[in-house]
Amino acid sequence: MSDSQFDVVVFGATSFVGQILCQYLFDTYGTDGELKWAAAGRSQDKLEQVKASLGDAASTLPLITANANDADSLDALCAQTRVVVSTVGPYALYGEPMIKACVNSGTDYCDLTGEAQWIADMLEQYEATAKKNGARIVHCCGFDSIPSDMGVYFLQQQAQARFNAPASTVRMRVKVAKGGVSGGTVASMMNIAEEAGKDPALRKKLANPYLLCPPDHGFKSRQTSIGLASYDDDFNAWVGPFVMDAINSRVVHRSNALTGQAYTDHFTYNEAMLTGDGMGGRMKALGIGAGTGLFFAAAAVKPTRWALNKFVVPQPGEGPSPEAQKAGFYDIRLVGHTDNQETLKVKVTGDADPGYGSTAKLLGQAAACLAQDVVEDAPGGFWTTASLLGEPLLKRLQENAGMTFTVID
């Protein structure tokens, strides 16, 4: 794809996250800088509005009209770019046509999905074709799952440097995360709950920690997830469930598989939210657990799902204001133990709202990295950020995306 007109095309540029991503790419690269990019969507009028919102200096931003329901338009889009970055979700409802177009044309692709069941379906249907045609597909390039996937990657680098051994046990803990939720994210969560509520086989599938690993992964270690509340001796605090663990842990395990079991063949991993010590911490952890369970139980049943959509959750296209995005931040801690019980702690931070302000920057840099830093002969297939983008992405995230990765103990 070296003769493509663009490095990156933003597909879904008029969506809530798509608009934030376009603003970030414009602020970082302009319209004629080192990254050649274009905005794409199904409505020319709405694309023009996005371009106008960027200001007069964006008047030369190329626009491409393409619709997920029009295969020819997707093929024409792929022919013009090295990388497609898609914000068109829920991906289980709208994402497959672009995956099909990219793998058939050998075009690289990334997105910000957190829908494990959809990724598993795409792997089953399209991985062989992606490998054959050289398309590099990288899901989960937003808050889920870059801080987790690249955080573990960084911790493992440091463990090898300090102990000459990988950390065979890693725990990720969210110390704080401040930010709002968009209607698109809620729609994805509601769709997962609806599908799982109807299909017992899918519920069993989603419970598999190795769901996204290759069929011959060979991992057998029992993985534990945090339910209502648990006490964490590494952090001397109570922890409650972290909703993104359902996707993040599966991505981390896939990274381990794709890197030749670099984290060992008995690697264990989970995620949770730190809630503090004492009775207050325990009660907060129990509250998070109960609230999470009630939300998904309500979203799985049609009458209560309707009520949530009508009266409680934001609608697609709605989300935190630009001011709220900039005021947001997150602080994540990871602790790793080697087989010899050597311990290492690292801190991962982001300087904006995790789901949107930061996610747009992470997604933008993942797309730029995929377009400009991956060697031409890197094989096609479904990758993760850690297994394909690795060190170049780690550098970009710290230099251009407001993230830090630091050893703290």
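The shown structure was predicted, so the numbers you read here are calculated from the model rather than taken from an experiment.
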| How long is the span from the OG atom in S249 to the CG atom in L212, to the nearest 0.5 Å? | 9.0 Å

| For F235, is the NZ or CZ atom of K175 found under 6.0 angstrom from the centre of its six-membered ring and inside 45 degrees of the ring axis? | no

| said: With heavy-atom distances below 4.5 Å as the criterion, would you say the side chains of Q261 and N256 are in contact? | reply: yes

| Non-hydrogen side-chain atoms of L258 and P214 separated by less than 4.5 Å | yes

| Any side-chain heavy atom of D245 within less than 4.5 Å of one from S225? | yes

| F16 and Y356 aromatic centres sub-6.0 Å | yes

| Would a distance-only check, ignoring hydrogens and angles, find a side-chain to backbone donor-acceptor pair under 3.5 Å from Q223 to F267? | yes

| Residues forming a side chain to side chain contact (heavy atoms under 4.5 Å, CB included) with A68, sequence neighbours excluded | F11

| task | Could you tell me whether the side chain of R173 and the main chain of D234 form a donor-acceptor pair under 3.5 Å? | result | no

| task | Classify the angle between the aromatic ring planes of H253 and Y269 as parallel (below 30°), tilted (30 to 60°) or perpendicular (above 60°). | result | perpendicular

| query | How many angstroms lie between CD1 in I20 and OG1 in T359, if you round to the nearest 0.5 Å? | reply | 9.0 Å

| Partners meeting side chain to side chain contact (heavy atoms under 4.5 Å, CB included) with Q117 (sequence neighbours left out) | A92, E115, N191, I192, E195, L202, L206

| task | Start with the C-alpha gap between S221 and T268, add the side-chain angles, then the distance that decides, and say whether side-chain hydrogen bond (donor to acceptor under 3.5 Å, both in side chains) holds. | result | CA-CA 7 Å; S221 293; T268 61; over 6 Å; no

| query | Taking atom CG of N69 and atom OH of Y94, what is their separation to the nearest 0.5 Å? | reply | 9.0 Å

| So do T87 and L363 actually touch side chain to side chain, heavy atoms under 4.5 Å? | yes

| Pairs in or reaching into residues 321-342: which pass ring-ring contact (aromatic ring centres under 6.0 Å, His included), with residues at least two apart or in two chains? | F143-Y330

| query | Sub-3.5 Å donor-acceptor pair from the side chain of R82 to the main-chain atoms of A371, do we have one? | reply | yes

Contacts table for residues 133-141: side-chain donor-acceptor under 3.5 angstrom, sequence neighbours left out:
residue, atom, partner, partner atom, Å
N133, ND2, V103, O, 2.9
N133, ND2, N104, O, 3.4
R136, NE, D108, OD1, 2.9
R136, NE, D108, OD2, 3.1
R136, NH1, V375, O, 3.4
R136, NH1, A378, O, 2.8
R136, NH2, D108, OD2, 2.9
H139, ND1, D111, OD1, 3.4
H139, ND1, D111, OD2, 2.8

| field | Flag side-chain contact, heavy atom, 4.5 Å: K361 against D351 | value | yes

| field | Minimum side-chain heavy-atom gap V84-M98 below 4.5 Å | value | yes

| query | For P62, does its backbone N or O pair with a side-chain atom of W37 as donor and acceptor, under 3.5 Å? | reply | no

| message | Using only atom types and a distance under 3.5 Å, with no angle test, would you say the side chain of N270 pairs donor to acceptor with the backbone of T224? | response | yes

| task | Could you tell me whether Y231 atom OH has more than 12 heavy atoms of other residues or ligands within 6.0 Å of it? | result | yes

| message | As a quick check of understanding, evaluate side-chain hydrogen bond (donor to acceptor under 3.5 Å, both in side chains) for N67 and S73, giving each step before the final call. | response | CA-CA 6 Å; N67 193 320; S73 72; over 6 Å; no

| task | Test salt bridge (Lys or Arg N to Asp or Glu O under 4.0 Å) on E391 and K395 and set out the steps. | result | CA-CA 6 Å; E391 192 63 32; K395 185 172 185 286; over 6 Å; no

| field | Flag if over 12 foreign heavy atoms under 6.0 Å of NZ, K284 | value | no

| request: Could you tell me which residues satisfy side chain to side chain contact (heavy atoms under 4.5 Å, CB included) with K302, sequence neighbours excluded, listed by chain and number? | output: R305

| Are any of the side-chain heavy atoms of T169 and R171 separated by less than 4.5 Å? | yes

| request: Please lay out, stage by stage, how C78 and Y109 fare under the test side chain to side chain contact (heavy atoms under 4.5 Å, CB included). | output: CA-CA 10 Å; C78 289; Y109 166 99; over 6 Å; no

| said: The criterion is side chain to side chain contact (heavy atoms under 4.5 Å, CB included); which residues satisfy it with D277, sequence neighbours excluded? | reply: none

| task | State whether the side chain of D331 and the backbone N or O of T349 hold a donor-acceptor pair below 3.5 Å, judged by distance alone. | result | no

| Is the backbone of E342 close enough, under 3.5 Å, to the side chain of T338 for a donor and an acceptor to pair up by distance? | yes

| Exercise: do T384 and S387 side chains pair donor with acceptor under 3.5 Å | yes

| said: Between D121 and K205 (salt bridge meaning N to carboxylate O under 4.0 Å), is one present in this structure? | reply: yes

| Hey, does L61 have a side-chain heavy atom less than 4.5 Å from the side chain of F26? | no

| Sub-3.5 Å donor-acceptor pair from the side chain of S86 to the main-chain atoms of V88, do we have one? | yes

| Crowded around E399 CD? As in, over 12 foreign heavy atoms under 6.0 Å? | yes

